[in-house]
Amino acid sequence: MKIAIAGDHGGYRLKEEIKAYFAEEAVAGSTLGQAVVTDLGAFGDKPVDYPDFGAKVGRAVARGEYDFGIVICGTGIGIAIAANKIRGVRAALCHDPFSARMAREHNDANVLALGERVVGPGLAKAVVAAFFTTPFAGGRHTRRLAKLLALEQED
Ligand code: RB5
């Protein structure tokens, strides 16, 4: 599983925590640890603009360069909106593991959005674990997913 991660200055510290979490899971030999995580920036906490980073991850996922994305800003809201502007992206802002599981199971979300100023690193890691260990359930959700994709074709 290839994952692109990015965030603005408001998400920089949490981005580093999440990268460290994947590295720890790799050492532990867990399934989550098999993910290859690529950092697309920002590479410091100097103020930058969240749309640039939401779009960067969204485009990379939409092009098929990565299976999934993680986008992080202060609230997770702006960067989720930015990622969702890219056709093919289904970014879900999740601040609890239940929402993260549902985002994958029901919505086949391919980008997870997080807000560093909303959740602590412990909860964020639990959200990441839930998101990346839950498959899309298919079934009745496939029809609804097709309707989401059809909306992208309007105009
Ligand atoms: C930056 O101050 C902040 O607006 C940004 O990180 C994010 O929360 C926007 O939605």
Side-chain angles (χ1 to χ4, degrees), residues 1-26 32 35-134 136 141 144-145 147-155:
M1 174 173 33
K2 290 170 70 181
I3 302 171
I5 188 168
D8 72 352
H9 54 290
Y12 177 69
R13 279 175 308 167
L14 183 57
K15 175 166 68 67
E16 297 307 303
E17 296 261 12
I18 298 297
K19 281 162 52 187
Y21 174 53
F22 277 103
E24 286 161 17
E25 289 299 306
L32 201 63
V36 177
V37 180
T38 303
D39 189 349
L40 302 184
F43 299 108
D45 58 6
K46 184 172 76 64
V48 290
D49 299 332
Y50 62 82
D52 298 337
F53 294 91
K56 196 180 239 189
V57 168
R59 290 189 183 115
V61 170
R63 284 197 296 259
E65 293 166 15
Y66 299 92
D67 303 300
F68 294 101
I70 302 174
V71 293
I72 311 172
C73 67
T75 59
I77 297 169
I79 204 158
I81 292 171
N84 275 320
K85 296 290 181 192
I86 308 298
R87 194 167 288 186
V89 169
R90 291 177 300 285
L93 175 58
C94 302
H95 286 147
D96 65 90
F98 176 75
S99 299
R101 187 159 62 80
M102 289 299 106
R104 288 289 308 125
E105 216 171 282
H106 289 197
N107 313 117
D108 198 19
N110 52 10
V111 172
L112 170 65
L114 292 163
E116 179 186 305
R117 297 172 187 159
V118 183
V119 283
L123 181 53
K125 289 174 198 174
V127 168
V128 167
F131 189 91
F132 289 103
T133 56
T134 304
F136 177 51
H141 303 295
R144 294 160 186 165
L145 187 62
K147 290 189 176 188
L148 282 183
L149 299 178
L151 289 173
E152 291 184 339
Q153 304 309 318
E154 287 184 9
D155 295 327

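Remember, it's 1-based here, ligands and their atoms both numbered in the order they're listed.
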Carboxylate-amine/guanidinium proximity below 4.0 Å for Glu16 and Lys19: yes
Within the 4.0 Å heavy-atom sphere of ligand 1, strictly under, residues: Asp8, His9, Tyr50, Cys73, Gly74, Thr75, Gly78, Arg117
salt_bridge(Asp108, Arg90) N-O dist < 4.0 Å: yes
Enclosure of Arg13 CZ (heavy-atom neighbours >12, cutoff 6.0 Å): no
Glu152 backbone acceptor or donor facing Arg87 side chain under 3.5 Å: yes
Distance-minimising heavy-atom pair for Phe131 and Ala109: CZ-O, 3.5 Å
From CA spacing to verdict: side-chain contact (heavy atoms from CB on, under 4.5 Å), Ile79, Phe53: CA-CA 7 Å; Ile79 204 158; Phe53 294 91; 4.0 Å; yes
